[in-house]
Amino acid sequence: MNAQIPDDMALHGARALLAPPEQTLPHDVGSSQLEEQYLFGFRNSDTRARPFKLLRSQVLKQCQDSGMKVIGVTAPSPNVGKTLVATNLAAAMSRIADLDVYLVDLDLHRPAVAQRFSMGESLGIHDYLSGEAPDLQSVARRINDERLVVLPGFRRNVATGELLTSSNGDALFEALRALPQSAIVLIDMPPIFADDDAVIISQRLDGYLMVVEDGRTTRKQVRDTVRLLEPTPLIGSVLNRYRNQLFSDEYGYGYSYGYGGYY
């Protein structure tokens, strides 16, 4: 783990994130826009939200049992649905009473969370990490009237590994850990084999979820992912586009919790 101590200015700027969600700059997004981006997690009565509510319950139980707060969502390779899972899981979690949810886009080369929430170009997490944004509060957006705060990313030509290990990177994670007990943080991570960013991020996490695709992700990729991210625990896996209808739901999601449960 990076042992660099955040400087006072970076830490002060990061702690601005501790403002209550209702004081965070709002971002209004319509239901039709959310549906276009396959975001159903806010809709308690929508059957398409069911997979994410089931996942929500399992993840929250593990967090309550073990004291976890900062959880990553990753995948061995791109384009298997990790951002879809991260955004819908965050949305579903935010409907739990008295729970504040923070979703941070740290897939710095291919940020996609902003697009899911129909956000236009603005200050993003890259700008905070590089010192271009004064604090995290200038980056954070509260989605509608929900208890979900998003720290989006936008494409920048930056050295991502250097940003993640900078004093601002340290201050970011210290601020996330200093959030009240009622808060949970989801990190949309890069794919494991894209570069070493995911490994750097994993050292700051309490645990992570792995999204894999039926018929595409290999057993070797799963094993290599677990090995690369050790000692950070794999707390669960989501099997996307699952073709075995005996065990999956009608929208193509299967679930497993713990190491290698479905292999």
Side-chain angles (χ1 to χ4, degrees), residues 37-41 48-63 68 70-93 101-117 150 153 184-202 205-230 232-244 247-263:
Q37 296 298 330
Y38 301 99
L39 258 169
F40 310 115
R48 293 171 294 185
R50 185 178 64 188
F52 306 105
K53 290 192 291 183
L54 292 171
L55 182 60
R56 168 187 72 188
S57 298
Q58 295 290 333
V59 173
L60 287 177
K61 183 179 186 303
Q62 292 214 32
C63 290
M68 292 182 178
V70 184
I71 307 297
V73 181
T74 189
S77 59
N79 302 318
V80 300
K82 71 173 179 63
T83 300
L84 177 71
V85 171
T87 51
N88 274 287
L89 177 58
M93 282 182 166
V101 183
Y102 292 78
L103 174 62
V104 186
D105 192 346
L106 287 184
D107 190 349
L108 298 180
H109 287 293
R110 300 177 60 183
V113 169
Q115 179 182 350
R116 292 282 176 185
F117 290 99
V150 173
I184 190 166
V185 179
L186 294 178
I187 307 289
D188 187 18
M189 299 168 62
I192 298 301
F193 300 111
D195 51 35
D196 66 344
D197 285 4
V199 176
I200 294 171
I201 294 167
S202 73
L205 304 176
D206 297 320
Y208 67 96
L209 287 167
M210 179 168 25
V211 181
V212 299
E213 183 177 341
D214 185 30
R216 178 177 176 184
T217 306
T218 67
R219 183 179 304 194
K220 184 178 187 303
Q221 286 178 321
V222 171
R223 287 175 173 171
D224 287 349
T225 294
V226 173
R227 177 180 55 81
L228 284 171
L229 299 189
E230 287 179 343
T232 306
L234 170 63
I235 65 169
S237 53
V238 178
L239 184 55
N240 192 14
R241 304 187 181 103
Y242 199 21
R243 295 170 178 84
N244 185 341
F247 295 104
S248 65
D249 81 331
E250 60 186 300
Y251 301 105
Y253 286 90
Y255 299 98
S256 173
Y257 296 92
Y259 285 87
Y262 48 78
Y263 281 97

### Residue from Ile71, Leu229, Ile235 passing side chain to side chain contact (heavy atoms under 4.5 Å, CB included) with Tyr208
Leu229
#### Entry: Shortest non-hydrogen separation from Leu103 to Ala86 and the atoms involved
CD1-O, 4.2 Å
### Summary
Taken to the nearest 0.5 Å, the spacing of Gln37 CD from Thr83 OG1 works out to 11.0 Å
#### Entry: Arg223: side chain to side chain donor-acceptor pair (under 3.5 Å) partners, not counting sequence neighbours
none
### Query
How many angstroms lie between atom CZ of Phe40 and atom OG1 of Thr87, to the nearest 0.5 angstrom?
10.0 Å
### Query
Where do Arg110 and Asn79 land on the side chain to side chain contact (heavy atoms under 4.5 Å, CB included) test, with the steps shown first?
CA-CA 11 Å; Arg110 300 177 60 183; Asn79 302 318; 3.3 Å; yes
### Task
Please list, chain by chain and in numerical order, all residues satisfying side-chain contact (heavy atoms from CB on, under 4.5 Å) with Asp224, sequence neighbours excluded.
Phe193, Lys220, Arg227
### Closest non-hydrogen atom pair, Gly72 against Met189
CA-SD, 3.7 Å
### Summary
Shortest non-hydrogen pair, Pro76 vs Gln221, comes out as CB-CB, 3.9 Å
### Message
Is it the case that the side chain of Asn240 and the backbone of Glu213 share a donor-acceptor pair, with hydrogens and angles ignored and the cut-off at 3.5 Å?
### Response
no
### Task
Sequence neighbours left out, what passes side-chain contact (heavy atoms from CB on, under 4.5 Å) with Ala114? Give chain and number order.
Met119, Pro152, Phe154
### Query
Hey, is the main chain of Val113 close enough, under 3.5 Å, to the side chain of Asp105 for a donor-acceptor pair?
yes
### Summary
Here the pair of heavy atoms bringing Pro191 nearest to Ala198 is O-CB, 4.2 Å
### Message
What's the separation between atom OG in Ser57 and atom CD in Gln62, rounded to the nearest 0.5 Å?
### Response
12.0 Å
### Task
Output the distance between atom CG (Leu186) and atom CG (Leu205), rounded to the nearest 0.5 Å.
10.5 Å
### Query
What heavy-atom pair brings Ala49 and Gly41 nearest, and what distance separates the two atoms?
CB-CA, 4.3 Å
### Message
Applying side chain to side chain contact (heavy atoms under 4.5 Å, CB included) to Leu60 and Ile184, what does each step give before you reach the verdict?
### Response
CA-CA 9 Å; Leu60 287 177; Ile184 190 166; 4.0 Å; yes
### Min side-chain heavy-atom separation Pro190-Ile201 under 4.5 Å
yes
### Task
For the pair Thr232 (side chain) and Ser202 (backbone), establish whether a donor and an acceptor sit closer than 3.5 Å, ignoring hydrogens and angles.
yes
#### Entry: Close side-chain approach of Thr217 to Met210, heavy-atom, < 4.5 Å
no
### Query
Is there a donor-acceptor pair closer than 3.5 Å between any side-chain N or O of Gln115 and the backbone N or O of Ala112?
no
### Task
Evaluate the side-chain proximity of Val70 to Ile187: yes if any heavy-atom separation is below 4.5 Å, no if none is.
yes
### Query
Quick one: does Leu89's side chain get under 4.5 Å of Leu209's, heavy atoms only?
yes
### Message
Tell me which pairs pass salt bridge (Lys or Arg N to Asp or Glu O under 4.0 Å) where either residue lies in residues 72-89, with sequence neighbours left out.
### Response
Lys82-Asp107, Lys82-Asp188
### Query
Any side-chain heavy atom of Tyr38 within less than 4.5 Å of one from Arg116?
yes
### Task
Using salt bridge (charged side-chain N to carboxylate O under 4.0 Å, His left out) as the criterion, list what pairs up with Asp197, not counting sequence neighbours.
none
